[in-house]
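Some notes on the structure that comes next.
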Amino acid sequence: MDLKLPNLGEGADSGTVVNLFVKEGDQIAKDQPVLELENEKAVATIPSTFAGTVSRIYIKPGDKLTVGQRILTLNEGAAQLSTPTSVSKPRQALRVVEAEPGPEKAPCETESTPAPEETPPSRPSRFPPPAAPSIRKLARDLGIDLTRVHGSERGGRIVLDDVRGYIQRLQRLAAQPRTAQAKPAPQAAKPPPEEIDFSKWGPVSKQPVSPLRAVIARRMSENWNVVPHVTQFEDADITGLMDMRKKYAGVYEENGARLTLTSFALKAVVNTLKQHPILNSSLDEASQEIVLKQYFHIGVAVNTEAGLIVPVIRDVDNKGLLDLSRELEDLARKARERKVSAEELKGGTFTISNQGGIGGAHFTPIVNKPEVAILGLGRGAMRPVVREGKIEPRLMLPMGLSYDHRVIDGGVAARFILDLAKAFGGFKEEDVKL
Amino acid sequence: MEPTKTDIVVLGGGPGGYAAAFYAADLGKRVILVEKDPRLGGVCLNRGCIPSKALLYAAHTMSAARESAHRGITFTEPAIDTTKLRAWKESILTRLSGGIAQLAKMRGVQVIQGRGYFEESRMLRAETPQGQQLLTYDQAIIAVGSKSAMPKAFDLGNPRIVTSREALEVEDVPESLLVIGGGYIGMELGTVYATLGSKVVLVEALDTILAGADPDLARPIAAYAKKAFKETRLKTKVAKMATSGRQIKVEFDLDGQKKEELYDRVLVAVGRAPNAENLGLENTRVSFDDRGFIHVNQKQQTTDPAIYAIGDIVGGVLLAHKAAKEARIAVEVIVGEDSAFVNVTIPAVVFTDPEVAWCGLTEAEARAKGIEVKVAKFPWAASGRALSFDRPDGLTKLIIEPDTERVLGVGIVGVGAGELISEGVLAVEMGATAKDLSLAVHPHPTLSETLMEAAEAFYGHATHTLVRKK
C-alpha cells in the first residue's frame, strides 16, 4: 500500500518536506505523523492513513511534494498497531532512498537569499525527464539539462514554470559571488554569511538548526522585510474579567475546560474586529485588492519545544467561551505533540500571541502574513490607575498591536486597540456563566 | 555552363524532401527541389502509403458488404472493374501531387524534374529532359528514399514476380498470389488482393507476422489472415523460383522439408533498400553503413559538412512521418537552431484489417531490455462503440512506468487504430501519466474511450471491465 500526499485543501497542492519522522523498517500506526510539510501558509504534519511497516521511502527532507505524490510504501502484512512504536533497523534506517524529485526547494519569488545549489535529482527512471516537446525544445535552446529541473506536475512532469524557477535560481546563484565582491550597494543581495570562529573567544557548544527553526527563520524575515510594521501599545483593565474568571473557573473545570485569559482574548478580539473589519483583511499582492473576510478564524501562537506553531481556531464569533476554552486546550496540546494537521494551521485572519503565562510586559510581535495584524499580550499586573480622579489599584493587561501599515493607518489601529481594551473590560456575567 | 546558385538544394520530392524544401522556403531560404519523377510526392504518395490506402478502402467496401449478411443485409457479388479502380486511385494521386506542386510554386520553391548527381560537395548536376543543369548551394539535403528490395535469387526478370510498386498498379486480379514477407507491406497488399478475390498464400521466414508489433496486438491480424488468406506459413522460406509457362514455380523450405507449388503471381515484400546508387556521392565526403544507408548524426548531418540527409535514405524506421520530422530538424540546424532528433516518438501504423498501431516503448522491447513496466489493457469486446459496428476484435494497451505512472508506450489493434494512436503519441510526448489519461473525459460512444478505460484499468477501476485488484 502506498501512502500518497493527501489533498491539503485551500488550493494548496504542494509543499516542502521539512522533517521526516519515519524510517524504512519502522512500524507505524494509522494516523501516526510521518512527515512535516511546509508550504507558503504553514508547517503541517502529514499522518499515515494506514498502519503497517515502512518498506520504502521515496522522499527526503527538502523535497517538494505535490498532491498525489507517493511518500512511502507500507507493508500491510505487519500487525495493526494501535500505538506508534518505532522499531527501526539501524542499517536500513540510515538509507534514505533518493526518489524522483530532487532535493530542490520550491521556486519562491520572495526569497531574498538564493537557495543553496541543488544537486541533480537522481531519477530512478531510465527515460528522459517527462516534459512536453515545447519545453524540451526550449530547454535545448537555452542549454538547460532537464534532468536537473524539478518537475512540479503529476508524475514529475516539467512545465514552463519549473524551467523559469530553475533559471531564476541559477541567476540568483550567479549573482551571489559578484555582489559579494562588488562594493555593497544599498539594495544589493545579501552577502554570503561570514564564517566566524566563536570558539576563539571562549568555549561554545553547537546544535543544528532544526527544519522547523529554519522555516520560522525564513518566514519571520520574509514577513519582517515585506510588511511595514507599526506597533501600537495600550493597557486593558482586566480586573473585572479576572474576578469573573476566578468565579467560574471551577464550573468550567467541571465541564472539562480551563477558562484562561486567552479564551477571553479570543472573544474580545473578534468583537472588536467586527467593528473594524479592515484588521480582519489581507492584501492580495497579485491583484492589488484588499480582501475583507467575513469569517473570524483566529490563530493562537503556541510555544513548543521545537519552536513556534500557530494553530487556528475557526469561527470564533460563533463559539461560546466554554467551546473556545476546550478547543484552545486541545489545539495547544496537539501543537506541542506536533500533531496539528495542515488544515488546522491555515486560514487565519488575525493572530493572538499571549506571553502572559511566561511574564513580561509589552512586546512588538511580527505580523503573520497574509494577515494584517497581530496582538501581543503580556502579563497582567496590578498598577495604580486614575479612575474618576482617584488612584486605584487595577489589574492591567499590557497589549501590543502590530499591524501592516500598507493596509492599516495609525488612526484605525488606535481606535481598534481602544475598543479592544473596552471589550476586555466589558465582559458581563451572562457572557461567562454556563 | 554557368551553374545556378541557391541556398539549399533538396534532392528527392517525397514527404521528407518536399517538407524540407517548404520549411526552408518558409524560413526565408532560396530552395531548389530536384525530383526525378514528373510527379512530386515520392514513393509515399505515388507508390506507397496513399495508393495502398485507397485500394484498402475500396477492398473494405467489398468485405463490409459481405459481412453485413448476418445483419440481414445482403448484396449481390460485386463486379470489379480494375481499369476504373485504377483510374479512381490515379485521380487521388494526381490531385495530391498537383497540390504539392502548387504549394511549391506559391512558396517560390523551384522544382526541377531530373536525376540528381553530385559533382562535388557543393555542386549537383541535374539531368533534366531539357538537358543538364548545374546547381551550387550552401547546403544540400538528400531525401532520395528507398525502394522495394528484390533479392537476386528472385529477380528472374519475369513480370509475374512483382514488388509493392507493381502490385499497387492492380493490372489485374491474379487467381493465386504468393506473398513473400509477413511485414506490413505484405500484410496490407495481401489483404487488398485477398478481398479482390485472389487466393493468397503468405509466407514468412520468422515465427510471427508483423514482427515489430507486440504479439497480443498482432493476434487479431493473424486471426483475420487465417480467415481471408488461403494459408499463412510461418518459419517458411522460399528457396527457389522459376518460370513455368504463365505461372511461377516456387520451391519452399518448410523446416527442412521441400515443397513445390505454382502461382499466377508472386509479391516480394521482404523489405526496402536505400536508393543510394548513381547519386555521385563518391564525389562527396558522405559515408554509408554496411547496408547502404547514409550515415547521419542527430542533427541529420552527414560526414560531408555541406550535405544533410533525411528519411528512408538514412535508415531507421522507414516511415513518411519520420522523414518529415527529420526534414524539420535538418532545416532548423541549417538556419542555426539547436535542433536534434532526440527522444522523438515515431508512431507505427499497419493498415491491415483491423489496423495495428503503436508508439513509444512496446511491451516486447521493455521485456528485451529488462525495463520494469506495468501494462494496462482494455479489450474492445467491452467497448460499446466497437460492438456497434461488429468489430470487437481490438485491444488498447498502455505501457506504464511503475514509479511515476508515466505512459511510456501505447499499443492499439482494432478498426481505426491508426487514427487513435495520435492521442497515445501526444501522451508519450507530453510525459503524461496514466492518471492524466484517466482524468481527461473522452466522448461516448467512441473508440477513444478505450484509452481512458485502459488508464482506469491501471488503477483498477475501469467502468466497463473488471480488473483484478492488485
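All values reported here derive from a predicted model rather than from experimental measurement. Each chain gets a letter, A, B and so on, in the order its sequence line appears, and its residues count up from 1.
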Requested in this report: Measure the CD-OG1 distance between E153(A) and T433(B) for me, rounded to the nearest 0.5 Å.
Outcome: 10.0 Å
Query raised in the report: M430(B) pairs by side-chain contact (heavy atoms from CB on, under 4.5 Å) with which of S134(A), P130(A), P133(A)?
Result: P133(A)
Report summary line: Shortest non-hydrogen pair, R406(B) vs P128(A), comes out as NH1-O, 2.7 Å
Query raised in the report: Contact part of E372(B) toward chain A, heavy-atom cut-off under 4.5 Å: side chain, backbone, both or neither?
Result: neither
Query - From CD1 (I371(B)) to CZ (F127(A)), nearest 0.5 Å - result: 4.0 Å
Report summary line: Whatever's closer than 4.5 Å to a heavy atom in chain A on E429(B) counts as both
Requested in this report: Please report the closest heavy-atom contact between D141(A) and D338(B), naming both atoms and the distance.
Outcome: OD1-O, 4.0 Å
Report task. Measure distances from R157(A) to the heavy atoms of chain B and classify the residue's part below 4.5 Å as side chain, backbone, both or neither. Result -> side chain
**Report entry** K325(B) atom NZ, neighbour heavy-atom count above 12 within 6.0 Å
**Finding:** no
Requested in this report: Quick one: pull up NZ in K137(A) and CD in E332(B) and give me the separation to the nearest 0.5 Å.
Outcome: 4.0 Å
Query raised in the report: Relative to chain A, which segment of A340(B) carries a heavy atom at a distance below 4.5 Å: side chain, backbone, both, or neither?
Result: both
Query raised in the report: At their closest point, which heavy atom of R136(A) faces which heavy atom of N343(B), and how far apart are they?
Result: NH1-O, 2.9 Å
